[in-house]
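Some notes on the structure that comes next.
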Amino acid sequence: MNNKEIKKELRKYASLERKKTNEWFFKTGKGQYGEGDKFIGVRVPDVRKIARQFVEIELEALAKILQSEIHEERLVALLILVEKNKTAIKKKDRIEQKKIVEFYLNNKKWVNNWDLVDLSAHYILGQAVFDGLKPKNIFTKLTDSSSMWDRRIGIIAPWIFIRNGEINLTLRLSKKLLSDKEDLMHKAVGWMLREAWKLGEPNKKSAITLKADKQSRKKGKKSQEQVEQFLIQNYNHLPRTTLRYAIERMEEAKRKRFLEGKF
């Protein structure tokens, strides 16, 4: 099992039409955030399928794929890493889990597009911090970075805390990032605020680990109140994109009030 086999398998699913679509969707043109990124045209479900087939590959070989100029090769490497991490967590193998998160951090320069971040950061780095294998201040360091992709990792990775009912970390990091100039960061912050707000929804679904009892419902409602208060207190500094993302799941009347600034 080696990197050449994975590359060969990926190309079985590649299509020119998908390649063109991805190059447009991930903004690979001159001056755009994905400038220079190269695609071969493989759908994410197919990349996931391949990742599950090669989960036993050694990290040394995986590094060569992760450091590829081809987007789908970097993606398959990260999805393999996520699968490896899930296995380590299931086995309670903290040594392996720590090895995986160190590998992730050492190679994060290759986690350089929004999908690569969003499909890996909370599963690997976020989980490692949640499990006490890394300190929480790593998120602050990442959100202070000059690299937009580092900053995105820094705000997306704590999603695992939200999923476990803890939102204060996300609120603190979100406030730091309100002055960020990048639209992709405005979207990321709004998205995480929306996820925090969703804890108070009556029909919580996948990924929310709070139990549907009286105490968790009360905690969820408190999370909604905290997010809404955050939006009100920082309203004059909120990028419009962040606001729209954050309030997306609110009832229409409340959403309209937030859009108009009428609290």
Side-chain angles (χ1 to χ4, degrees), residues 3 6-54 62-83 85 103-126 142-143 145-159 174 177 180-195 239-242 244-246 248:
N3 57 340
I6 295 178
K7 292 181 179 183
K8 183 179 178 181
E9 194 67 21
L10 276 171
R11 278 154 182 77
K12 290 180 182 179
Y13 295 90
S15 79
L16 182 58
E17 183 180 358
R18 172 62 60 175
K19 177 181 185 294
K20 292 178 180 177
T21 298
N22 284 349
E23 287 171 346
W24 169 82
F25 188 71
F26 288 99
K27 311 300 181 190
T28 62
K30 186 172 178 58
Q32 296 181 307
Y33 66 75
E35 180 179 356
D37 206 352
K38 300 182 185 300
F39 290 82
I40 58 174
V42 185
R43 299 183 315 126
V44 173
D46 293 325
V47 179
R48 287 188 182 279
K49 185 192 305 182
I50 295 167
R52 289 192 291 269
Q53 293 172 12
F54 289 88
L62 195 62
K64 295 179 181 178
I65 307 172
L66 182 53
Q67 295 168 12
S68 170
E69 65 177 3
I70 304 299
H71 187 102
E72 291 94 338
E73 292 181 5
R74 301 199 302 282
L75 177 57
V76 77
L78 289 167
L79 292 178
I80 289 171
L81 203 62
V82 168
E83 291 300 319
N85 203 53
F103 177 89
Y104 185 79
L105 290 170
N106 289 337
N107 289 279
K108 65 181 172 61
K109 67 176 286 187
W110 304 100
V111 187
N112 56 358
N113 214 315
W114 61 263
D115 62 321
L116 304 180
V117 173
D118 298 355
L119 293 173
S120 64
H122 58 297
Y123 286 118
I124 300 173
L125 177 57
L142 286 166
T143 52
S145 173
S146 60
S147 164
M148 176 173 67
W149 305 121
D150 280 1
R151 298 199 303 279
R152 190 163 176 115
I153 290 172
I155 189 63
I156 298 298
W159 190 5
S174 293
L177 291 168
D180 201 291
K181 304 301 181 185
E182 298 290 347
D183 187 60
L184 279 176
M185 291 304 301
H186 300 167
K187 291 176 179 177
V189 171
W191 175 23
M192 290 301 102
L193 289 173
R194 183 179 72 222
E195 291 301 309
R240 202 65 176 174
T241 300
T242 297
R244 288 186 180 277
Y245 269 62
E248 190 176 60

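As the structure is a prediction and not an experimental result, all values here were calculated from the model.
- Considering CG of Leu62 and CZ of Phe54, their distance stands at 11.5 Å, rounded to 0.5 Å.
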| request: Might you work through the side-chain contact (heavy atoms from CB on, under 4.5 Å) test for Ile40 and Lys19, ending with a clear yes or no? | output: CA-CA 5 Å; Ile40 58 174; Lys19 177 181 185 294; 5.7 Å; no

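- Residue Met192 holds its CE atom at 14.0 Å from NZ of Lys187, rounded to the nearest 0.5 Å.
- If you check the side chains of Arg74 and Asn113, you find no donor sitting under 3.5 Å from an acceptor.
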| field | Derivation and outcome, side-chain contact (heavy atoms from CB on, under 4.5 Å), residues Arg152 and Asp118 | value | CA-CA 8 Å; Arg152 190 163 176 115; Asp118 298 355; 2.7 Å; yes

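- Proximity of Ile156 to Trp114: side-chain heavy atoms (C-beta onward) are nowhere separated by under 4.5 Å.
- Scanning all heavy atoms of the two residues, the minimum distance from Val42 to Asn22 falls at O-ND2, 4.1 Å.
- Using a 4.5 Å heavy-atom threshold, the side chains of Phe26 and Asp37 count as separate.
- Residue Ala121 comes nearest to Ala157 through the heavy atom pair O-CB, 3.7 Å, listed as atom of the first residue, atom of the second, then distance.
- More than 12 heavy atoms of other residues, nucleotides or ligands shown are found within 6.0 angstrom of NZ on Lys27.
- Taking CH2 from Trp149 and CD from Glu182, the interatomic distance works out to 8.5 Å, rounded to the nearest 0.5 Å.
- A salt bridge does not link Lys20 with Glu23: every distance from a Lys NZ or Arg NE/NH1/NH2 to an Asp or Glu carboxylate oxygen is 4.0 Å or more.
- A donor-acceptor pair is defined here as one N or O able to donate and one able to accept, closer than 3.5 Å; such a pair exists between the side chain of Glu72 and the backbone of Gly41.
- Contact between Met185 and Met148 at its shortest, heavy atoms only, is SD-O, 3.8 Å.
- In this structure, Arg18 contributes its side chain and Arg43 its backbone to no donor-acceptor pair below 3.5 Å.
- Salt bridge annotation for Arg244-Glu248: absent, with no cationic side-chain nitrogen under 4.0 angstrom from a carboxylate oxygen.
- Note: Phe39 and His71 have parallel aromatic rings, judged against thresholds of 30 and 60 degrees for the angle between ring planes.
- The shortest non-hydrogen separation linking Leu142 to Gly154 is CB-CA, 3.8 Å.
- Formation of a donor-acceptor pair under 3.5 Å by the Asn107 side chain with backbone atoms of Phe103 is found in this model.
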| Stepwise, does the ring-ring contact (aromatic ring centres under 6.0 Å, His included) test hold for Trp159 with Trp191? | CA-CA 10 Å; Trp159 190 5; Trp191 175 23; 4.9 Å; yes

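- If you take CZ on Arg48 and CD1 on Ile80, they are separated by 12.5 Å, rounding to the nearest 0.5 Å.
- When all heavy atoms of Ala246 and Leu193 are compared, the closest pair comes out as CB-CB, 3.9 Å.
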| task | Kindly indicate, with the supporting measurements, whether the criterion side-chain contact (heavy atoms from CB on, under 4.5 Å) is fulfilled by Leu79 and Tyr123. | result | CA-CA 10 Å; Leu79 292 178; Tyr123 286 118; over 6 Å; no

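- Between Val47 and the options Leu10, Leu119, Leu78, a side-chain contact (heavy atoms from CB on, under 4.5 Å) holds for only Leu10.
- Salt bridge status for Glu73 with Arg11: present, with a side-chain N to carboxylate O gap under 4.0 Å.
- Residues Tyr104 and Ile153 have side chains in contact (heavy-atom distance under 4.5 Å, counting atoms from C-beta outward).
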| said: Let's go through Asp150 and Lys108 carefully: what are the C-alpha distance in whole Å and the side-chain angles of both, what is the deciding distance for side-chain contact (heavy atoms from CB on, under 4.5 Å) to 0.1 Å, and is it a yes or a no? | reply: CA-CA 8 Å; Asp150 280 1; Lys108 65 181 172 61; 2.9 Å; yes

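- For the residue pair Val82 and Ser120, the shortest heavy atom distance occurs at CG2-CA, 4.0 Å.
- In this structure, CG on Asn106 lies 11.0 Å from CG on Leu66, to the nearest 0.5 angstrom.
- Not one N or O on the side chain of His186 forms a donor-acceptor pair closer than 3.5 Å with the backbone of Arg240.
- Note that CD of Glu35 is 13.0 Å distant from OH of Tyr33, once rounded to the nearest 0.5 Å.
- Counting non-hydrogen atoms of neighbouring residues, nucleotides and ligands closer than 6.0 angstrom, the NZ atom of Lys64 reaches no more than 12 such neighbours.
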